[in-house]
Amino acid sequence: MADARTGRPGALAGTGHLVRLALRRERGIAPWWILLIVALALALVSYVNRAMGTYELKLTYVELATRNVFLRALGGGLIEPRLEVIATWRSGGFLYVASAFAALMSVVRHTRREEDEGRAELVRSGMVSRHAPLTAALLVAGGISLAGGVLTGAVLVGMGFEPVGMGFEPVGTVAYGAAITVAGWVFGAVAAVAAQLARSARTATAISLAALGAAYIMRYAGDATGQYWLKALSPIGWSHLVRAYQDERWWLLAVSVLVSVVLYAVAYRLLGRRDLGEGLLPERLGRASAPELRGPISLAWRLHRALLAKWAAGVACFAAAGAALSPLAQDLLSRPSLVVRSVTNLLGVSDTGTALGAYSWYLILVIAYAAALYPVLMTVRLRSEETSGRAETVQSTPLTRLRWAAGHLVVTGLGTAALMAVAGLVFGALYSLLVGDLARDLPRFLAGALSAVPAAWCVGAVCVLAYGLLPRASVAISWTVWLLTAGLGKVVSPLYGLWHGTPLEPFHYIPNPMLGTPFDVRPALALTALTALLVGGALTALRRRDFG
């Protein structure tokens, strides 16, 4: 409502309308984040209940996890041989980060990105107050975090009833759901401050993600080194320190809420000190002269290199984490037990002598499925360049449509291979230092990682074909292709072993090179030929259809 004396909108005028608008825009994003949080919590509960069905197995796992620094730090905090403690200990570190990530991205999306694209200025021309967009963004992001925590808690409490009967007591479940929620609130507030400091959505996102990464690293380092003061300084660490299902430190939830409120106040104060579309941090000047772009590959490389560097860093971190578990896996697999039998059945091997190699390949395959997402994102980028008009502007130069697309595809293909090379080198080097031999194992891991590249290329080629034939539906098709590949593949699908593979899933044809058997090059050649055929069809369709 407007102020009766000045005619200006009230302090929060228009907030309700903006909340409804933001919820409408979030309907295709927020439900997936909430589903991810709930599904991951359930998946870990199901895994622990299935793989550690007795108290003795749980006790053995707790002893192994306590002795291994990496595994102890990954879960965070003390662990007890109880289903609810082990399950939340395993999943909590991921769920807190997922809740925080969803909230900060939502806040940036509905504040700074709206200003970047000019919609905020259009909205402010109506009876909408200066504070309404930020308030609406915080309410929506806070609601997403709250929904993730409440639904997770409700599902876990429901599992305590028949016929499931896993016995999750309500008090600890409320504490766990609340810890998930407040992690999102804190980093939603961090993003609100970053949106006032930065001049663009990209910079605001980078600041927010840097804060989230620093918080996670501090929490991890505190648990790994025993310097728990580092964990106490981390907002992610505060959620871990709540200790759901153990002694429920409720006052730490109040700390997270208090810090969130303080950051909200800072964000509103900074909002009043800047102009619309501007940021408080000084803008960094670019080069005095533009770099020379020699052709389509040079142009594509300049557009993709930042994302590729971030992917390479993430792949390297995951590969290092997986290799760091090798001593624990070797120790576990050397002891005949029900756990070892369960692991060897999962890996598809019959003896413990080859189980460590199968385990290593399993982790590299996880990275390969993730790396297959990279060409999917690059295909989405092609469509984005087309719809934004930038691709058409580029093609007003001597650069043709096919050369433009081919440049992106070359960089994407080489980038995918580079990601798997990074995975093989990092995993192989650390594995060799911990349990193997550098001269023997490093080349083996590098070759094994690169053997999965044709399958990742094939996934991207299907997406490129969809872009050439059905550009309007290509983004949805691309995401569906990757989700089906991952969901029906060796790593995720619980039915994979029952139906002996999924013939339409390209990773199904990649043999395990870590078992010492001769490498069969025919699947890689067949997948490469199929990729070339699909890409050729995509370029032909792109040349014939209307652009834009």
Side-chain angles (χ1 to χ4, degrees), residues 9-15 18-19 22 96-97 99-116 120-121 123-124 128-146 178-219 230-239 241 251-284:
L12 297 178
T15 300
L18 293 183
V19 167
Y96 304 147
V97 172
S99 177
F101 184 84
L104 71 87
M105 293 299 292
S106 179
V107 170
V108 173
R109 184 160 50 246
H110 298 299
T111 54
R112 175 51 67 180
R113 190 171 298 281
E114 291 293 287
E115 295 186 37
D116 289 354
E121 187 173 6
V123 168
R124 288 284 306 280
V128 175
S129 72
R130 183 181 185 88
H131 295 149
L134 177 59
T135 305
L138 291 175
L139 288 174
V140 170
I144 293 172
S145 301
L146 181 62
I180 295 172
T181 298
V182 296
W185 287 355
V186 171
F187 282 94
V190 169
V193 173
Q196 315 313 314
L197 296 175
R199 195 177 184 275
S200 68
R202 178 177 295 182
T203 305
T205 302
I207 293 173
S208 303
L209 291 178
L212 177 59
Y216 184 83
I217 291 172
M218 288 175 65
R219 197 283 306 164
L230 288 171
K231 186 176 183 178
L233 294 177
S234 167
I236 295 295
W238 301 337
S239 291
L241 289 170
W251 63 274
L252 281 164
L253 297 173
V255 171
S256 295
V257 172
L258 178 61
V259 170
S260 301
V261 171
V262 171
L263 290 174
Y264 293 155
V266 171
Y268 281 109
R269 185 66 179 268
L270 295 177
L271 177 63
R273 292 176 172 269
R274 69 176 181 88
D275 294 330
L276 184 67
E278 297 295 326
L280 295 177
L281 294 178
E283 187 176 1
R284 187 177 64 179

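For the single chain, residues carry numbers from 1 onward in sequence order. Side chains included, hydrogens not; waters and symmetry mates left out as well; all remaining heavy atoms used. Here the structure is a predicted model, which is why all the values come from computation and not from measurement.
- Remark: Ser99 engages Ile37, Ser145, Ile180 in a side-chain contact (heavy atoms from CB on, under 4.5 Å) (not counting sequence neighbours).
- Under the 3.5 Å distance criterion, the side-chain polar atoms of Trp185 are matched with a main-chain donor or acceptor of Gly142.
- In this structure, the salt bridge (Lys or Arg N to Asp or Glu O under 4.0 Å) partners of Arg109, at least two apart in sequence or on a different chain, are Glu26.
- Rounded to the nearest 0.5 angstrom, His110 NE2 and Met105 CE are separated by 10.5 Å.
- Atom CG of Leu18 is separated from atom CG of Leu134 by 11.0 Å, given to the nearest 0.5 angstrom.
- Shown here for Val107 and Ala141, the closest heavy-atom pair between the two residues is CG2-CB, 3.5 Å.
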Per-pair distances, 0.1 Å, donor-acceptor, side chain in residues 188-198, under 3.5 Å, sequence neighbours excluded:
from: Gln196; atom 1: OE1; to: Arg274; atom 2: NE; distance (Å): 2.8
from: Gln196; atom 1: OE1; to: Arg274; atom 2: NH2; distance (Å): 3.0
from: Gln196; atom 1: NE2; to: Ala192; atom 2: O; distance (Å): 3.1

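- Tyr96 is not listed as a side-chain neighbour of Val182, based on a closest heavy-atom distance of 4.5 Å or more.
- Across every non-hydrogen atom of Val19 and Val140, the tightest pair is O-CG2, 4.1 Å.
- Between Trp238 and Leu253, every side-chain heavy-atom pair lies at or beyond the 4.5 Å cut-off.
- Atom CD1 of Ile217 and atom CG of Leu230 lie 11.5 Å apart (nearest 0.5 Å).
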Would you be so kind as to tabulate the donor-acceptor pairs closer than 3.5 Å made by side chains of residues 203-216, with sequence neighbours excluded?
from: Thr203; atom 1: OG1; to: Ser200; atom 2: OG; distance (Å): 3.0
from: Thr205; atom 1: OG1; to: Ala201; atom 2: O; distance (Å): 2.8
from: Ser208; atom 1: OG; to: Ala204; atom 2: O; distance (Å): 2.9

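- Annotation: the span from Ser256 atom OG to Trp251 atom CH2 amounts to 10.0 Å, rounded to 0.5 Å.
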Distance-only check: which donor-acceptor pairs under 3.5 Å involve side-chain atoms of residues 261-272, not counting sequence neighbours?
from: Tyr268; atom 1: OH; to: Thr135; atom 2: OG1; distance (Å): 2.6

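- Among pairs with a residue in residues 205-219, those fulfilling salt bridge (charged side-chain N to carboxylate O under 4.0 Å, His left out) read Arg219-Asp223, at least two apart in sequence or across chains.
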